[in-house]
Amino acid sequence: MTDSVPEGLVAAPVAEAGEAAVVEPEYDPAAPAPLNVPRTPTGDAEVDDRLDRLADADHLATDGHLEVYEDVHRGLRDALTALDVRPAPPGPPAPAPPYGNRPPAPSYHQSRS
């Protein structure tokens, strides 16, 4: 048996007796990697929670990002929509004024004279 390595292949270093073999992970450009994008708090807890959710994409492969982004977008859209909703006034609705106190209805019929 010979210790030669076929041409084109590189022999991996062998750990000596008593030494621990250090295995470095191979670089995989498709592997998930944190983007480390800073997120500044907005002061709105609901919005900040949604923005913090973006960090979940850092640990997913690219094909898993869409689900996170859609979830964050949906939450932010709901938060914005809630700003447009006007709260109902307290108590029952006010009754309509009696007919005599109502302003006249607009007339869309014009007579020709």
Side-chain angles (χ1 to χ4, degrees):
M1 190 165 164
T2 65
D3 289 335
S4 65
V5 176
E7 190 175 325
L9 295 178
V10 178
V14 177
E16 297 289 326
E19 289 183 24
V22 177
V23 178
E24 293 187 22
E26 292 183 30
Y27 174 70
D28 181 4
L35 297 175
N36 297 321
V37 176
R39 286 180 284 285
T40 305
T42 65
D44 184 300
E46 183 179 359
V47 171
D48 290 342
D49 288 345
R50 289 296 169 185
L51 294 177
D52 288 343
R53 169 104 165 85
L54 288 172
D56 293 348
D58 288 347
H59 309 289
L60 299 172
T62 306
D63 59 352
H65 290 190
L66 183 61
E67 182 180 341
V68 173
Y69 294 156
E70 285 179 344
D71 181 47
V72 171
H73 181 258
R74 186 174 26 259
L76 292 174
R77 186 183 60 227
D78 291 347
L80 285 172
T81 301
L83 294 175
D84 291 336
V85 176
R86 297 175 192 252
Y99 184 72
N101 292 340
R102 292 185 191 168
S107 174
Y108 298 104
H109 177 72
Q110 295 180 354
S111 61
R112 295 181 190 205
S113 313

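Because only heavy atoms are used, hydrogens play no part in the values below, and waters and symmetry mates are left out as well, while side chains stay in. In what follows, residues are counted from 1 in the order of the sequence shown.
- Taking CD from Glu67 and CG from Asp56, the interatomic distance works out to 10.0 Å, rounded to the nearest 0.5 Å.
- With sequence neighbours excluded, the residues that form a side-chain contact (heavy atoms from CB on, under 4.5 Å) with His65 are Ala57, Leu60, Tyr69.
- Each ring-ring contact (aromatic ring centres under 6.0 Å, His included) pair with one or both residues in residues 31-58, not counting sequence neighbours, would appear here, but there are none.
- Between the OG1 atom in Thr81 and the CG atom in Leu76 there is a gap of 10.5 Å [rounded to 0.5 Å].
- Grouping Ile, Leu, Val, Met, Phe, Trp and Tyr by side-chain contacts under 4.5 Å, direct or through others, puts Leu80 with Leu83.
- Atom-to-atom distance recorded for Arg77:CZ and Glu70:CD is 9.5 Å, nearest 0.5 angstrom.
- In plain terms, the two heavy atoms of Val47 and Ala79 that are nearest each other are CG2-CB, 4.3 Å.
- Under the 3.5 Å distance criterion, the side-chain polar atoms of Arg39 are matched with a main-chain donor or acceptor of Leu51.
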